[in-house]
Amino acid sequence: MIAVLNAMVLAASDWSYVAGAYIIVVGVLATYSAAVIIRGRKVGKQLPAKDRRWSSE
Amino acid sequence: MSDQPDDRDLDDGGLDLTPRDVDVTAKRNGRRRWAPLAVLGALGVVIVLILIQAGDASMYFKNADEAVAEKETLGSTKFRIQGTVLGKPVSEHDSVVFTIQHGGVSVVVRHTGSEPALFKAGVPVVAEGRWNDSGTEFDSEKLLIKHDENYKEEHPGRVEADESSGT
Amino acid sequence: MTSSTPGQRAGRFDMHPDGTASHGSRVLGSILLIAVAIFLIVALVASPPDGAGADAMGDMVRIMYVHVPVAIACYTAFMVTAFASAMYLWKRTEGWDCLAAASVEVGIVFTVLTLATGSIWGHTAWGTWWEWDPRLTSTALMFVMYLGYLALRRAVVDPQSRAKQAAVLGLISFINVPIVHYSVDWWRSLHQTATIGRLDPTIDGLKLFALLFGMVLALLLYAWLMLHRFRLQWVETQVEAKGLDTALAERRAEAVADGGVR
């Protein structure tokens with residue numbers, strides 16, 4: 001019984017590390033992506049669309 | 001940009017994509033921004049510190065057999081020892097005593113301090129510490145698991161393979 | 001996509017008129033969003049925990065499905081930087097400089113993730129958050145060197161000398177990258193050796209799939225991030241050049257005016 005409980009506690013702490021790792025990875029990548037896109041929009045304003053070849057205009 | 005029309009003469013500040021003449025920018029060459037330079041200097045210091053660590057890192061651990069062979073020269077200097085835990089570790093007061101083996105040579109390790117969660121018989125470990133005064137035991141103050149996914153408990157033969165590939 | 005002038009209100013899913021998005025980046029981004037969701041299910045739910053063995057990692061093995069892929073992405077990023085730096089030194093066109101700079105920043109993000117996930121792994125698998133072993137030490141060095149690359153870019157004002165110096169540093173810094181990768185083979189390390197080199201029985205089935213899926217995903221994420229980051233770098237370069245041109249024109253005009261007075 002105690003062994004099972006121990007195993008469960010161990011597994012739960014395992015999961016908190018796993019969750020931590022995935023939250024860091026997803027969180028950092030999402031934040032960085034958003035930052036790049038927002039920076040792109042801000043700086044993009046200073047340049048006419050024809051100088052941005054990827055622009056659909 | 002070659003397929004774009006030349007817009008340099010437009011009055012909306014069209015861009016000149018040809019490289020600027022060197023003499024035009026010459027005045028600016030000497031100019032630096034000092035704050036990033038300070039950061040650069042600080043990073044340089046960090047690099048040197050890491051390189052000092054790297055000197056240690058290239059000989060991260062000694063295998064148990066080497067640690068025994070070099071017992072005389074090692075004296076009481078601090079180093080890391082590597083080997084596979086043989087048998088069940090025994091708790092004695094505030095420390096744990098166990099035997100590690102590598103290359104057919106066994107070393108008794110007395111570890112004081114916290115143990116990693118996965119520490120148990122049959123696991124390769126790296127212990128940081130020094131030979132005790134009489135040279136009979138290795139006094140460990142830091143114990144780490146050398147996780148090697150190659151190792152499987154159901155294949156004790158693999159221990160031998162680990163020992164040969166561990167170097 | 002219909003063109004939207006600044007006055008016109010853009011639809012919710014229209015591309016921002018000033019942004020770095022393109023049709024291609026939109027398509028890739030949409031695919032990636034779905035793929036990330038599938039990956040999370042495979043990595044966290046569908047794949048089994050690490051089973052038998054004295055040092056079986058249980059659920060912790062799932063950290064590997066992100067740790068190894070982000071590490072590969074950071075190698076790739078710095079490889080692209082080295083290539084672009086060499087191309088810049090050869091061709092001297094600002095596009096290569098932009099590519100090198102953009103890739104360093106994305107690479108540093110992946111390096112941070114590699115260090116963070118590796119540290120969590122180390123804490124549970126080895127019993128330490130950080131050890132100065134060859135792999136960790138060389139990775140720390142790699143991280144700091146590329147931070148230095150970004151600092152250098154901010155330190156030098158003139159675009160051309162900045163590009164040149166950065167390209168040289170981009171090439172020098174890359175020397176360390178193979179050292180990071182082979183450190184586990186060349187020296188004794190706490191870190192395990194490359195798993196992909198010997199896939200067979202050590203890692204299997206869904207676990208292997210999760211790892212490979214993660215790798216493909218990380219590389220595609222890198223590519224998508226680069227589309228945006230490269231374009232941002234390009235726009236910044238153009239805006240900077242434009243500012244420089246304006247300043248130079250003003251200075252010339254002043255000089256002419258001064259000459260006229262005398």
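In what follows, every chain begins at residue 1, and chains take the letters A, B, ... in the order their sequences are listed.
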### Message
I need the minimum non-hydrogen distance between I120(C) and I24(A), along with the two atoms involved.
### Response
CD1-CD1, 4.0 Å

### Query
For the candidates M60(C), R231(C), H228(C), R62(C), which exhibits the highest count of non-hydrogen atom pairs separated by less than 4.5 Å from chain A?
R231(C)

### Query
Say you draw a straight line from CZ of R39(A) to CD of Q233(C); how long is it, rounded to the nearest 0.5 Å?
8.0 Å

#### Entry: For chain A, the option from V36(C), T20(C), L44(C) that forms the most heavy-atom pairs under 4.5 Å
L44(C)

#### Entry: Distance-minimising heavy-atom pair for V43(A) and E236(C)
CG1-CG, 3.8 Å

Distance-only donor-acceptor hits, side chain of residues 210-225 of chain C, under 3.5 Å, sequence neighbours excluded:
| unit_1 | atom_1 | unit_2 | atom_2 | d |
| --- | --- | --- | --- | --- |
| Y222(C) | OH | S103(C) | OG | 2.6 |
| W224(C) | NE1 | S25(C) | O | 3.1 |

### Query
Given a strict heavy-atom distance threshold of 4.5 Å, which part of F39(C) is in contact with chain A: side chain, backbone, both, or neither?
side chain

## Note on the structure
Of the listed G40(A), G20(A), A19(A), the one with the largest count of heavy-atom pairs under 4.5 Å with chain C is G40(A)

### Task
Output yes when a side-chain donor or acceptor of Y17(A) lies under 3.5 Å from a complementary backbone atom of I63(C), and no otherwise.
no

### Query
Got R229(C) and Y32(A) here, is their nearest side-chain heavy-atom distance under 4.5 Å?
yes

### Task
May I ask you to test the T117(C)-Y22(A) pair for a side-chain heavy-atom distance under 4.5 Å?
no

### Summary
Looking only at S22(C), G19(C), G243(C), the option with the highest number of non-hydrogen pairs under 4.5 Å against chain A is G19(C)

#### Entry: Proximity breakdown for H67(C) and chain A, heavy-atom pairs closer than 4.5 Å
neither

### Message
If the condition is side-chain contact (heavy atoms from CB on, under 4.5 Å), which residues does K91(C) pass it with, not counting sequence neighbours?
### Response
M87(C), T93(C), W96(C)

